[in-house]
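What follows is a short report on a single structure.
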Amino acid sequence: MPELPEVETVRRGLAPAMEGARLVKVEARRPDLRFPFPKDFAKRLAGQTVTGLGRRAKYLLADLSSGEVLLMHLGMSGSFRVEKSGESATPGEFHYPRGEAGKHDHVIFRMSSGYTVIFNDPRRFGFMKLIPRGRLEEEPHLAPLGPEPLGNRFDAETLAQSLAGKKTSLKAALSDQKVVAGLGNIYVCEALHRSHLSPKRKASTLADRKSGPNDMTRSLVDAIRFVLNEAIKAGGSSLRDHRQTTGELGYFQHHFRVYDREGTNCTTPGCKGKIKRIVQTGRSTFYCPVCQR
DNA sequence: CCGCGGGCCTGAGAGC
DNA sequence: TGCTCTCAGGCCCGCG
């Protein structure tokens, strides 16, 4: 499910419920998600205070007073919702505190703030893991990640450098979390359209080794930043699973220019193209064959 | 080393 | 209505 904007939306929704609050009771309602839960998972968490809630790429990191970090990933279909003591955040939709846990509600955090935080994940591609803060650098999920696209270490120079010598398509390269961390299928497609670059273009053609990055690379960096920022403002994109922690939908899907818009007219001013769907490395790519070169 | 295809899971939607 | 098939926002592993 979630790419960077959805995960950031989730982080912002969870922060008021979790930051500075103690985990009063933790419940893992099954033995595993993508991986088995750590040994004594619930017991180790109970009583800890969440001192901060951060994000790296598509991962959430809750800093704990114990000195450990709770690393959480939403996989394809994971979502969190926050409910206040006995009341559902969206009336009529969620009722955990009053009744039974819903289907696929796998982890429940009862917070001293009076909020209950519930992790739901039908496909169970998500996971939770506890890591000592000192070993965060070597954590296998985090160590290989490239720069944060919204951070200042991501620019045309670094992007050009990581694309140099890459034989794959631009689409595949941008989906690679080592190149830039946090993009997925949707936002790669959207950023490429907005920078008028073809997903089929060889990645290395963006890197001009002698004279440094070219205008194409610059416009791609700008498009990536723009699209992600706009999507965060919109609360992410809700296609199937993504919800904000209140249960509300995100609405960036209404701003898609190519994703899931096969056959529609290209929205680039003056462009007469129609959006096309192709398959690259096993995933759908949407683009305009006319204005994306 | 690199790039690709398969697999992990469940659910939604299309077509018959 | 109900079956079967395809596809889905991520990521890891093994193969060539």
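So that the names make sense, note that chain A is the first sequence line, chain B the second, and so on, each numbered from 1. These numbers were taken from a predicted model, which means no experiment stands behind them. Every heavy atom of this structure was used, including side-chain atoms; hydrogens, water molecules and symmetry mates were not.
- The nearest whole Å value for the distance from the CD atom in A:Glu262 to the C1' atom in B:dA14 is 15 Å.
- Taking a 6.0 Å sphere around CZ of A:Phe35, one finds it holds more than 12 heavy atoms contributed by other residues, nucleotides or ligands.
- Among the heavy atoms of the strands lying under 4.0 Å from A:Tyr259 are primed sugar atoms or P, OP1, OP2 only; no base atom is included.
- Residue A:His104 has a polar side-chain atom (N or O) positioned under 4.0 Å from OP1 or OP2 of B:dG11.
- Look at the P atom in both C:dT6 and B:dG6: the space between them is 13 Å, to the nearest Å.
- One finds no salt bridge joining A:Arg34 and A:Asp121 here, because no Lys/Arg side-chain nitrogen approaches an Asp/Glu carboxylate oxygen to under 4.0 Å.
- Listed here is the closest heavy atom pair of A:Tyr187 and A:Gly236: OH-C, 4.2 Å.
- What separates CZ of A:Arg124 from P of B:dG11 is a distance of 9 Å, to the nearest Å.
- Heavy-atom nearest nucleotides on DNA chain C were determined for A:Arg277 and for A:Arg34, and the one closer to the 5' end corresponds to A:Arg277.
- Comparing C:dC7, B:dC4, C:dC11 against the side chain of A:His73 picks out C:dC11 as the nearest.
- As rounded to whole Å, 10 Å separates atom C1' of C:dA8 from atom CG of A:Asp260.
- Note: NE2 (A:His242) to P (B:dA12) measures 18 Å, nearest angstrom.
- At a cut-off of 3.5 angstrom, counting only N and O atoms as typed in the model, there is no donor on one side facing an acceptor on the other between the side-chain of A:Arg283 and the base of B:dG5.
- Nucleotides C:dC7 and B:dG5 are separated by 14 Å at their P atoms, to the nearest Å.
- An OP1 or OP2 oxygen of B:dC9 is reached within less than 4.0 angstrom by no side-chain nitrogen or oxygen of A:Ser77.
- Remark: A:Arg133 engages A:Asp63 in a salt bridge, criterion side-chain N to carboxylate O under 4.0 Å.
- Taking every side-chain heavy atom of A:Lys58 into account, C:dG10 is the closest of B:dG3, C:dG10, B:dC9.
- Contact detail for A:Ser169 and A:Pro199: the closest heavy-atom pair is CB-O, 3.3 Å.
- Residue A:Arg123 places a side-chain atom within donor-acceptor reach of the base of B:dC9, judged by atom type and a 3.5 Å distance cut-off alone.
- No aromatic stack links A:Phe125 and the base of C:dC11, using centre distance under 5.5 Å and interplanar angle under 30°.
- As a whole-Å value, the separation of A:Leu142 CG from C:dC12 P is 10 Å.
- For the pair A:Met72 CE and C:dC11 P, the interatomic distance rounds to 15 Å; values are reported in whole Å.
- Going from the C1' atom of C:dC12 to that of B:dG11 covers 23 Å, rounded to whole Å.
- For A:Lys167, no side-chain nitrogen or oxygen approaches OP1 or OP2 of B:dG3 to under 4.0 Å.
- Taking 4.0 Å as the cut-off between side-chain N and carboxylate O, A:Glu190 and A:Arg257 do not count as a salt-bridged pair.
- In this entry the distance linking CG of A:Asn185 with P of C:dG10 reads 6 Å, nearest Å.
- Regarding contacts with the backbone of B:dG11, a side-chain N or O of A:Lys103 is found under 4.0 angstrom from either OP1 or OP2.
- If you measure from atom CG of A:Leu33 to atom C1' of B:dC9, you get 11 Å, rounded to the nearest angstrom.
- Applying the Watson-Crick and G-U wobble criteria (two distances, each under 3.5 Å), C:dC7 pairs with B:dG11.
- In this structure, A:Ser237 reaches the bases: a heavy-atom distance under 4.0 Å links it to at least one base atom across the strands shown.
- Taking 4.0 angstrom as the limit, A:Thr281 places none of its side-chain polar atoms (N or O) nearer than this to OP1 or OP2 of B:dC4.
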